[in-house]
There are 2 protein chains.
Amino acid sequence: MQNKYTDIYNKIADKIRKGQFAPGTKLASEHELMKQFDTSRETIRKALNHLAQNGFIQKIQGKGSIVLDAVKPDLRFSELLSFKESAEKMNKHARTHVEELNLEVAEDEICNHLQIPAGSVVWKVHRVREIDGERIILDKDYLNSSYVKHLSKAICEKSIYQYIEQELDMVIGFAKKEIVIEDSQEEDDRLLEMNGHTNVVVVRKFVYFDDTTLFQYTESRHRPDKFNYVDFARRAPGK
Amino acid sequence: MQNKYTDIYNKIADKIRKGQFAPGTKLASEHELMKQFDTSRETIRKALNHLAQNGFIQKIQGKGSIVLDAVKPDLRFSELLSFKESAEKMNKHARTHVEELNLEVAEDEICNHLQIPAGSVVWKVHRVREIDGERIILDKDYLNSSYVKHLSKAICEKSIYQYIEQELDMVIGFAKKEIVIEDSQEEDDRLLEMNGHTNVVVVRKFVYFDDTTLFQYTESRHRPDKFNYVDFARRAPGK
DNA sequence: TAGTGGTCTAGACCACCAT
DNA sequence: TGGTGGTCTAGACCACTAT
């Protein structure tokens with residue numbers, strides 16, 4: 001347990017995920033939850049607001065907190081997950097093939113993306129993701145070697161994020177993402193089982209540490225028929 | 001002004017958008033903002049946390065709140081905006097062509113999506129979105145006629161959400177969204193300028209009122225080369 | 001050590017919903 | 001009317017960063 005409200009959040013979220021709190025039913029009132037968790041109302045409210053933000057519940061003034069039919073809130077576009085984490089949450093059989101792993105002088109475009117001087121040395125990692133026996137995603141990662149000094153095939157096969165967080169003890173903060181559709185390139189055709197598809201879904205991602213330093217640029221190239229993203233969106237209040 | 005913290009949020013967000021607070025610089029401290037806005041610290045913190053959630057700032061303990069280089073946080077995938085709102089925020093020349101507007105017995109699949117009995121009567125609205133002179137999006141909307149009793153061509157040309165919120169005084173709460181790539185259908189080819197593209201990006205959306213009732217199912221079909229979504233994602237803390 | 005943000009509390013008052 | 005959630009406050013204590 002890190003703090004009370006994430007603890008309460010996790011306990012309630014788990015019960016909703018497991019169906020112990022059924023969709024359509026109401027949670028106990030905030031007053032009741034205060035007693036159950038022996039805490040103050042603001043702390044309960046922090047947990048409940050977080051649950052509402054993530055699509056677990058809907059709070060209605062005067063009524064209570066209604067459990068929603070989860071959108072698999074685990075597979076969120078707005079979450080920043082590694083491939084390994086996503087695959088595990090989806091219960092997929094996944095394998096990673098490291099096709100390329102080099103510390104090299106980066107192309108100008110990559111240096112530009114990483115906001116470092118042209119001619120800088122970066123880690124270039126190309127990995128193919130095999131899911132249920134099919135090679136359907138090509139991940140092209142570029143990492144600022146000033147922050148991530150060492151990488152290995154084993155690390156890339158497992159999870160770079162896990163290595164950064166657990167071994168390097170750096171904290172990943174946030175990312176900017178973009179989705180576009182593009183024509184497939186020679187590399188996609190060579191490394192993926194394209195099954196005749198001529199375009200790919202490209203997810204571009206800029207990933208930052210907690211202290212706002214940019215350390216990674218990634219292009220995740222998906223075979224179009226296997227691409228699927230879900231999300232939960234709230235209507236911005238106001239006006 | 002509805003309440004203090006959204007007011008403070010909007011004021012700071014506007015200044016960041018306009019560049020009056022430059023990326024990389026720090027906001028005033030929470031203590032300082034308390035004095036500036038004549039309010040308590042928790043109220044300031046609510047506003048700042050909201051700004052952090054939406055990618056405007058990064059809070060660092062012991063240091064302060066750093067202004068981020070905005071990802072055009074206005075064009076977020078995780079936001080629930082109408083086409084009109086999106087187009088306005090992007091400063092695009094947009095036109096809407098209402099191709100179909102009928103109150104009719106819905107197909108079983110649609111009834112299923114809207115969670116109503118087979119054979120129910122629903123509003124079916126097909127609209128083509130023209131942006132910068134090109135017809136590139138086909139929106140197929142289905143609305144539960146028990147909640148939305150009246151619609152007109154004028155309403156559909158303008159904004160259904162605006163009509164629902166301002167005229168019907170209903171509050172739109174949240175939506176579940178999904179993105180997939182599919183082969184284009186005869187209707188896409190007929191109504192859109194496909195320029196030889198043979199697939200479309202389909203955004204499926206289930207939209208709910210504030211009180212958790214489902215009132216709309218939408219399929220938004222985009223020409224692939226014009227599809228672009230951006231988002232800001234935070235790494236879930238914990239574990 | 002001083003200043004920053006992070007957590008938590010106990011209580012007030014208000015708005016909305018049910019009865 | 002009583003119960004629910006929504007806003008706001010003043011203050012305490014802690015953790016981290018600077019110096």
**Request:** Indicate the ring-plane relationship of Phe209(B) and Phe215(B), choosing parallel, tilted or perpendicular according to the 30° and 60° boundaries.
**Result:** parallel
**Prompt:** Looking across every strand, which nucleic acid part, if any, lies under 4.0 Å from Ile60(B) by heavy atom: base, sugar-phosphate, or nothing?
**Reply:** sugar-phosphate
**Prompt:** Can the ring centres of Phe232(B) and Phe174(A) be said to be less than 6.0 Å apart?
**Reply:** yes
**Message:** Minimum heavy-atom separation for Cys111(B) and Gly119(B), please, with both atom names.
**Reply:** SG-N, 3.7 Å
**Fill in**
Residues at least two apart in sequence or cross-chain that pass salt bridge (charged side-chain N to carboxylate O under 4.0 Å, His left out) with Asp210(A), listed by chain then number, are none
**Complete:** The answer to which of Lys46(A) and Lys63(A) contacts DNA chain C further toward the 5' end, by nearest nucleotide, is Lys46(A)
**Interface with DNA chain D, restricted to residues 33-43 of chain A and to heavy atoms under 4.0 Å** = Arg41(A), Glu42(A)
**Prompt:** Between His50(B) and Tyr9(B), how do the two ring planes meet: parallel, tilted or perpendicular, split at 30° and 60°?
**Reply:** parallel
**Message:** So which atom in Ser146(B) and which in Asn144(B) form the shortest heavy-atom distance, rounded to 0.1 Å?
**Reply:** N-OD1, 2.8 Å
**Prompt:** Parallel under 30°, tilted from 30 to 60°, perpendicular over 60°: which one fits the rings of Tyr217(A) and His113(A)?
**Reply:** parallel
**Request:** Measure centre to centre between the rings of Tyr229(A) and Phe227(A), then say whether the value is under 6.0 Å.
**Result:** yes
**Request:** Shoot me the first and last contacting nucleotide of DNA chain C against chain A, ordered 5' to 3', at under 4.0 angstrom to non-hydrogen atoms.
**Result:** dT7(C) to dA18(C)
**Request:** Measure from CD1 on Ile57(A) to P on dT4(D) and round the result to the nearest Å.
**Result:** 15 Å
**Item:** Where DNA chain D forms stems, i.e. three or more consecutive Watson-Crick or G-U pairs with both distances under 3.5 Å
**Value:** C:1-18 with D:1-18
**Message:** Taking salt bridge (charged side-chain N to carboxylate O under 4.0 Å, His left out) as the definition, give me every residue that meets it alongside Glu30(A), ordered by chain and number, with sequence neighbours left out.
**Reply:** Arg41(A), Arg45(A), Lys59(A)
**Message:** Between P on dG5(D) and CG on Leu27(A), what's the gap in Å once rounded to a whole number?
**Reply:** 9 Å
**Asked** Under the salt bridge (charged side-chain N to carboxylate O under 4.0 Å, His left out) rule, what pairs show up with a residue in residues 107-120 of chain B, not counting sequence neighbours?
**Response** none
